[in-house]
Amino acid sequence: MGSMKSAGERLAVRMRALGQPWELAVFLWVPFLLFAVVLAAEVHFRGSSLGDWEIFRGAARSALHGHSPYPAADPSALVHNDRFVYPPITALLVSPLAVLPDLAGQVLVLLLALACVLLALRLLGVRDWRCYGLALLTAPVLDTVSLGALSSAMLLGVAAAWRYRDRPYVAAPVTALTAVAKLFAWPLFVWLLATRRLRTAFVAAAVSVVLLVGGWAAIGFAGLRGYPHLLRVLSRVEAVQSYSLVGLFRLEGTAATVLTALLAVAVVVAVMFAARGPEGDRRALSVAVAGALLATPVLWLHYLVLLFVPIALARPRLSALWFAPLAFWLTPVAHSNGSVWRTCFALAVAALIVLRSLAPAASAAAAPRPGLAAPGRALPQP
């Protein structure tokens, strides 16, 4: 009994050292309760969430049997955003989870998505515990976790590429896997080239080819011939429902292709330019992430979880910039549904976040607020 009392007292002292009661409520208890409700809803109302995971699971089961996981390149088959359209390697990588019982797989995917976000912030150098809690309160994070989308894993991939950027045989496969899983992440290769990590870029490109060819080979190259056409039809169907520039201007066909190509060129130039001068490494990665979001013809709300890369690199401790993603709660739905104001608002907030993050980075050793651990003291790990 005495040992339990002593442990309780130590826990109380540690909690008081974290900050004021209102900080504990806002940055710890509210996020905890929010995701407890999400988890409880998933357990109680099976099939009510994790829509993306259902897509991946079905595709993984098809791939395990050597069948094509792809639908016909028909707008009517793609209009509901419930079909698998990623490279085959993605389906194969999630196949170990796909063989689990339905509920166990769903709960595990939800927990893994949440862990990806927390671990990514850790790899990006965030040590202020309040930043973790605040990130979990944002609409893009809740969206990616509740859908079981790949965006949380992509955030982790980008964070790992940054953390191990000077270790080619770690950064290269991580970069390759991230870019192959979601093709719009191609500016990561430009970042490696712009920062003169030529060996890493070369190895990453080679690994990407292996992942792509190996994935298609595993399913007998089923669906490979029609895959480019499938992506074109998908972009035409989904762009207008998303938050992208292509969707905002209602572009199709050649016009959409031209705008995407121009944006891609602009991204390459911007990353190269950002890599020059002070803090070029950090700024180039921030621009690469922003460019990936800008140039993709399809931009869902959960993609915006990647904005935590420039935020974390620029402000590793809590600052006003960390509160900016809360603005996405004004348009918390995954799709813009063709709404001009939703798309303009989301793009404007994203632009402001990126531009502010490109300012000189705040010192990670900034003086702590009263009641918080001093910079030299270890903070609790998320």
Side-chain angles (χ1 to χ4, degrees), residues 50-53 55-57 59-60 63 69-70 78 81-95 97 109 112-113 116-117 120 140-141 143-145 147-162 171-192 204-205 207-212 214-216 227-228 230-232 234-235 237-239 241-247 260 263-264 267 271 285-310 334-335 350:
L50 292 175
D52 276 21
W53 165 240
I55 298 171
F56 295 134
R57 182 174 61 178
Y70 300 110
L78 300 170
N81 309 310
D82 59 353
R83 300 302 182 95
F84 182 81
V85 292
Y86 306 96
I89 189 63
T90 308
L92 295 171
L93 289 174
V94 303
S95 58
L97 296 175
V109 165
L112 286 174
C116 282
V117 174
V141 169
D143 194 36
T144 186
V145 172
L147 284 173
L150 282 181
S151 297
S152 54
M154 285 192 66
L155 175 63
L156 178 59
V158 176
W162 168 261
V174 168
T175 301
L177 187 56
T178 303
V180 167
K182 282 278 196 177
L183 299 178
F184 78 87
W186 61 265
L188 291 177
F189 293 100
V190 183
W191 164 62
L192 292 175
V207 173
S208 297
V209 172
V210 171
L211 291 174
L212 287 170
W216 285 108
Y227 188 66
L230 174 64
L231 293 183
R232 288 193 294 270
L234 179 76
S235 295
V237 171
E238 292 188 342
Q241 304 175 46
S242 76
Y243 294 93
S244 70
L245 282 177
V246 171
T260 301
L263 289 173
V267 169
V271 173
L285 180 58
S286 297
V287 172
V289 169
L293 297 174
L294 180 68
T296 178
V298 178
L299 176 63
W300 304 128
L301 180 68
H302 54 81
Y303 288 12
L304 299 177
V305 74
L306 293 175
L307 290 173
F308 283 106
V309 172
H335 307 161

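If you read the sequence from its start, that first residue is 1, and numbering goes on from there.
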Residues Ala179 and Ala185: closest non-hydrogen pair is CA-CB, 3.9 Å
So CG of Leu230 and CG of Leu78: to nearest 0.5 Å the spacing works out to 6.0 Å
To the nearest 0.5 Å, atom CG of Leu212 lies from atom CG of Leu183 at 7.0 Å
In short, side chain to side chain donor-acceptor pair (under 3.5 Å) pairs touching residues 286-297 with sequence neighbours left out are none
- Message: For Tyr303 and Phe184: C-alpha separation, side-chain torsions, deciding distance, then whether ring pair (Phe, Tyr, Trp, His ring centres under 6.0 Å) applies.
- Response: CA-CA 10 Å; Tyr303 288 12; Phe184 78 87; 4.7 Å; yes
Residue set satisfying side-chain contact (heavy atoms from CB on, under 4.5 Å) with Ala113, at least two apart, ordered chain then number -> Val145, Ser152
**Item:** Residues Thr144, Leu155; criterion side-chain contact (heavy atoms from CB on, under 4.5 Å); working and verdict
**Value:** CA-CA 11 Å; Thr144 186; Leu155 175 63; over 6 Å; no
(request) Start with the C-alpha gap between Val298 and Val246, add the side-chain angles, then the distance that decides, and say whether side-chain contact (heavy atoms from CB on, under 4.5 Å) holds. (result) CA-CA 8 Å; Val298 178; Val246 171; over 6 Å; no
Sorted by chain and number, sequence neighbours left out, side chain to side chain donor-acceptor pair (under 3.5 Å) with Ser151 holds for His302
Separation between OG1 (Thr178) and CG (Leu150), nearest 0.5 Å, reads 10.0 Å
ask   = Do Leu293 and Leu307 come close enough that some side-chain heavy atom pair is under 4.5 Å?
value = yes
side-chain contact (heavy atoms from CB on, under 4.5 Å) filter on Leu294, not counting sequence neighbours, yields Leu245, Leu263
side-chain contact (heavy atoms from CB on, under 4.5 Å) filter on Ser208, not counting sequence neighbours, yields Ala176, Val180, Phe189
Of all heavy-atom pairs linking Pro187 and Gly291, the shortest is CG-C, 4.4 Å
Sorted by chain and number, sequence neighbours left out, side-chain contact (heavy atoms from CB on, under 4.5 Å) with Val109 holds for Leu50, Trp53, Leu97
Interatomic distance, CG@Leu177 vs CE@Met154, rounded to 0.5 Å, equals 10.0 Å
Ser244 meets the side chain to side chain donor-acceptor pair (under 3.5 Å) criterion, sequence neighbours left out, with Ser242
Could you go through the side-chain contact (heavy atoms from CB on, under 4.5 Å) check for Val207 and Leu211 one step at a time? CA-CA 6 Å; Val207 173; Leu211 291 174; 4.0 Å; yes
Applying ring pair (Phe, Tyr, Trp, His ring centres under 6.0 Å) to Trp216 and not counting sequence neighbours gives Tyr70, Tyr227
Of all heavy-atom pairs linking Ala264 and Ala295, the shortest is N-CB, 4.4 Å
Shortest non-hydrogen pair, Ala159 vs Ala120, comes out as CB-O, 3.4 Å
Exercise for review: Output, in order, the C-alpha distance, side-chain angles, deciding distance and verdict of side-chain contact (heavy atoms from CB on, under 4.5 Å) for Val141 and Phe308.
Suggested key: CA-CA 10 Å; Val141 169; Phe308 283 106; 3.7 Å; yes
Quiz: residues 83-90 side-chain donor-acceptor pairs under 3.5 angstrom, not counting sequence neighbours:
unit_1	atom_1	unit_2	atom_2	d
Tyr86	OH	Lys182	NZ	3.0
Thr90	OG1	Pro87	O	3.4

Shortest non-hydrogen pair, Val174 vs Ala160, comes out as CG1-CB, 3.8 Å
Across all chains, not counting sequence neighbours, the side chain to side chain donor-acceptor pair (under 3.5 Å) partners of Glu238 are none
Rounding to 0.5 Å, atoms OG1 (Thr175) and CH2 (Trp191) come to a distance of 6.0 Å
